Novice: 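Shown below is the structure under consideration.
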Protein chains: 2
Amino acid sequence: MATIKDVAKLAGVSISTVSYALNNHDKVSLSTKKRILEAARRLNYQKNGIASDLKRSSTRTIALIVTDLAGPHYAELVKGIQEVALSRGYDLLACSSLGGEQSTAVKFLTEKRVDGAIVLAYNIPAATLRRAAREAYPIILLDREIESPHTVSIEVDNEAGCHMATEHLIEQGHRRLAYVGGNPMEPLNEQRVSGFKRALRQHGLEREGQLHQFGMFNRDNGYAMTKMLIAEGNLPTGILYYNDEMAIGGIQAFREYGIRVPGDVSVIGFDDIELAQYVRPALTTVMQPKYERGALAAHLLFQALDGKPLEPRYRLPTRLIVRDSVRAPAGHEGKVPLRSE
Amino acid sequence: MATIKDVAKLAGVSISTVSYALNNHDKVSLSTKKRILEAARRLNYQKNGIASDLKRSSTRTIALIVTDLAGPHYAELVKGIQEVALSRGYDLLACSSLGGEQSTAVKFLTEKRVDGAIVLAYNIPAATLRRAAREAYPIILLDREIESPHTVSIEVDNEAGCHMATEHLIEQGHRRLAYVGGNPMEPLNEQRVSGFKRALRQHGLEREGQLHQFGMFNRDNGYAMTKMLIAEGNLPTGILYYNDEMAIGGIQAFREYGIRVPGDVSVIGFDDIELAQYVRPALTTVMQPKYERGALAAHLLFQALDGKPLEPRYRLPTRLIVRDSVRAPAGHEGKVPLRSE
DNA sequence: AACCATAATCGAAACGTTTCAATTTTTTAA
DNA sequence: TTAAAAAATTGAAACGTTTCGATTATGGTT
């Protein structure tokens, strides 16, 4: 591969002049610039970006780190990040943390291959993130919080979202409620449970609420846990799932048992993924502001890169999206007035 | 940030020894290695990956280039690529060609920031790809073909897929058929049309086939074009759409006009995206082997990197997935024997 | 004690750029 | 003409690694 040296030789000029010419510094005369460009073209010269980055000690690139590139990655979120990055003239790379400490993500986090990162992955240890985050290397964390001066967290108001969803069920007349989630140690899960519980408490329904927390947060586990719920008998009339994926898995399980949603049991999800509106019945769910989340993340990253001081924590509101998976339980037609205690 | 130099100084040892120690060459004695590791830990040393890549002149990284990171990104395809890359100890990066010649994608393609690339993007000019592809920098193209010695194309058998889909409609008794696609100049579109036309020809139905090709290949345009089709009157009974997205847009349009699918008109898509099975009616479609495509792409990329000679072109088979969006037209109940001419 | 083989360490060049400061060339002004 | 100013060009250092070949230290054999 031709290097800048070869171009210099062919154009009969020094290396530095070639560099200036290629980078459009106006120091170099028009005639030599033309000569250099022609030489570069003839040699099919392409600059080595790595060498360039090394010298400049900046990559003008940020990374979006996700657990799995093949996973669901909220198109709207990416769009928000993408647009902000583009407008700042930065490049955006996506990579995954699959593989743990050997993963591409960790490599990029620690080896200064990018100028900053937005992280949406739970499987990267806090210690790794703390070690990677530096003054000149800010990290924006989505749905996650760690103790570190160079890190900013953006969270959605999970507690309030689940509280709102639960109240919606109660308002429709549901009294026997359940929350179905995954591993109870996950902070996100905890927050969601807590919103659920607070609503129950406020309406004097603690004793009627069931909590089912176990395993992963995906469709398969939603399906499996719902089957267990059915097998146990004593089915609640309203269920709040940790997220849409689990809810969709749950609906599938109900269908297989001939239990009608929302006729026999009402279901609410969380996230408002694209599928939620296509699934039958269309899923009532708690919406996260996806685009805004991405845009905010990217915006904050650049603020940090500019050396501006930031809050350590931002919280975004949620909204209830009412579709067709919730209905008043049998014998409870019509809205029931809320009664706080 | 601490560099290898600082570590060397603290450990009281030369730079080269530090490098050897950190890279686990067995040249260095256990005691000094321990001393060096301890010094590195104390300084919170992290190697500069860019400098390392520059010296090694290899990145052990490949890129997946897509038109839009926020676009639909066939999870299964990515999974195939990811698994093969991981098994070879390579890193995988995803970036987009949004922004044309200034895009991250083009930068990565031309500036040797990765060792090779898999490209699933139509908006990168063939000239750019040809210029970027070199002996030591292979490029695998998905759904696209260009004339170049260092480039390999993987295509799905679009022609056969559409032929099969069209025959399925004919077999069910449909006689008045239409193809709805986008910009007729796109090679993919051409291939699909051609399969459609061949089936019509074989069954003596050329004259009953309509072709509607215009605009983009997304849901919105599927919706818009279907509305035009309806407005024109003379509705066909069976429609083959360029892809699932357009078909889903089309079904939406039919619904708004009270035209039943598949009662009044049958619809087939192409791709078998995840949504296809969730949409109502569930979409009959032509499936592409997604995971296999990704795995093959990555596999071929590594073959090329190993210097093995490759076919310039691979073609993958498709399969018809029968769901609920096709039914025999009114007055044509029961299967109609195919009759070739 | 002298020698040799092996192990451990080191110095320096290289990777391909960018950019500062110095030098050379050209232009302008007197 | 010549001096000064401006414009164009250049050499060299630097970015932070890796790695070759050379050097020094360590043991093992006679």
Side-chain angles (χ1 to χ4, degrees), chain A residues 1-40 43-61 107-108 110-115 134 136-137, chain B residues 1-40 43-61 107-108 110-115 134 136-137:
Chain A
M1 283 296 316
T3 72
I4 201 174
K5 226 183 214 160
D6 303 310
V7 178
K9 200 179 299 171
L10 183 58
V13 88
S14 80
I15 290 180
S16 35
T17 305
V18 174
S19 176
Y20 285 128
L22 294 176
N23 288 297
N24 256 319
H25 280 241
D26 45 6
K27 314 174 126 197
V28 33
S29 74
L30 228 73
S31 63
T32 47
K33 183 186 281 185
K34 228 166 62 189
R35 198 145 39 89
I36 289 169
L37 257 35
E38 170 59 18
L43 292 170
N44 190 18
Y45 167 79
Q46 304 284 170
K47 92 152 148 197
N48 183 318
I50 293 186
S52 170
D53 279 357
L54 175 59
K55 187 68 233 277
R56 286 204 220 262
S57 60
S58 144
T59 62
R60 292 196 77 76
T61 302
K107 190 165 149 186
F108 270 68
T110 56
E111 298 186 356
K112 355 194 179 329
R113 289 166 185 276
V114 289
D115 292 356
R134 296 177 292 272
Y137 191 128
Chain B
M1 285 294 317
T3 72
I4 200 174
K5 226 184 213 162
D6 304 311
V7 178
K9 200 179 298 171
L10 182 58
V13 88
S14 79
I15 292 181
S16 37
T17 306
V18 175
S19 177
Y20 285 128
L22 294 176
N23 289 297
N24 256 322
H25 281 243
D26 45 7
K27 314 174 126 195
V28 32
S29 75
L30 228 72
S31 62
T32 46
K33 183 186 280 187
K34 227 168 61 189
R35 200 147 36 90
I36 288 170
L37 257 36
E38 170 60 18
L43 293 170
N44 191 18
Y45 167 79
Q46 304 285 169
K47 92 153 148 192
N48 184 318
I50 294 186
S52 169
D53 279 356
L54 174 59
K55 187 69 234 276
R56 289 204 219 261
S57 62
S58 143
T59 62
R60 293 195 77 75
T61 303
K107 190 165 150 187
F108 270 69
T110 57
E111 298 187 356
K112 349 192 183 335
R113 288 167 186 276
V114 289
D115 292 356
R134 298 178 288 275
Y137 190 126

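Since we're looking at a predicted model, the values are computed, not measured. Letters go in sequence order (proteins before strands), and every chain restarts at 1.
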Novice: Please report, rounded to the nearest Å, how far the C1' atom of dC15(D) is from the CZ atom of Arg56(A).
Specialist: 13 Å

Novice: Think Tyr20(B) has a side-chain N or O under 4.0 angstrom from the OP1 or OP2 of dA7(C)?
Specialist: no

Novice: Roughly what angle, to 10°, lies between the helix axis at the start of the helix from dA1(C)-dT30(D) to dA30(C)-dT1(D) and the one at its end, five pairs per end?
Specialist: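 So the angle between the two local helix axes works out to 50°.
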
Novice: Is it the case that the base of dT17(C) and the side chain of Lys55(A) share a donor-acceptor contact (distance under 3.5 Å, atom types as modelled)?
Specialist: no

Novice: Can you tell me if Thr32(B) touches the phosphate of dT9(C), counting only side-chain N or O atoms and a distance under 4.0 Å to OP1 or OP2?
Specialist: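 Yes, Thr32(B) has a side-chain N/O under 4.0 Å of OP1/OP2 on dT9(C).
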
Novice: Would you indicate what Ile15(A) reaches in the nucleic acid, counting non-hydrogen atoms under 4.0 angstrom: base, sugar-phosphate, or nothing?
Specialist: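 Base, at least one base atom sits under 4.0 Å.
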
Novice: Give Lys47(A) one of three labels, base, sugar-phosphate or nothing, depending on what nucleic acid heavy atoms sit under 4.0 Å from its own.
Specialist: sugar-phosphate

Novice: Any side-chain N or O of Ser16(B) below 4.0 angstrom from OP1/OP2 of dC20(D)?
Specialist: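 So the side-chain polar atoms of Ser16(B) never come under 4.0 Å of the phosphate oxygens OP1 or OP2 of dC20(D).
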
Novice: Can you tell me which nucleotide in dT18(D), dT9(C), dC10(C) comes closest to the side chain of Ile4(B)?
Specialist: dT18(D)

Novice: Just to be sure I understand the rule, does Asn23(A) reach a base, reach only the sugar-phosphate, or reach nothing, if contact means heavy atoms closer than 4.0 Å?
Specialist: sugar-phosphate

Novice: Contact class for Thr3(B) vs. all strands (heavy atom < 4.0 Å): base, sugar-phosphate, or nothing?
Specialist: sugar-phosphate

Novice: Which nucleotide in the list dT10(D), dT17(C), dT18(D) gets nearest to the side chain of Ser52(B)?
Specialist: dT18(D)

Novice: Roughly how many Å is it from CD in Glu111(A) to C1' in dC15(D), rounded to a whole number?
Specialist: 16 Å

Novice: Find the distance Lys27(A):NZ to dT18(C):P and express it as a whole number of Å.
Specialist: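 In whole Å, dT18(C) P lies 13 Å from Lys27(A) NZ.
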
Novice: What's the CG-P distance between Asp53(B) and dG16(C), to the nearest Å?
Specialist: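 Answer to the nearest Å: 13 Å.
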
Novice: For a quick check, tell me whether the side chain of Ser14(A) and the base of dG11(D) share a donor-acceptor pair closer than 3.5 Å.
Specialist: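 When only heavy-atom distances are counted, Ser14(A) does not reach the base of dG11(D) through any donor-acceptor pair under 3.5 Å.
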
Novice: With a 4.0 Å cut-off on heavy atoms, is Ser29(B) in touch with a base, just the backbone sugar-phosphate, or nothing at all?
Specialist: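 Here Ser29(B) touches the backbone only, sparing every base.
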
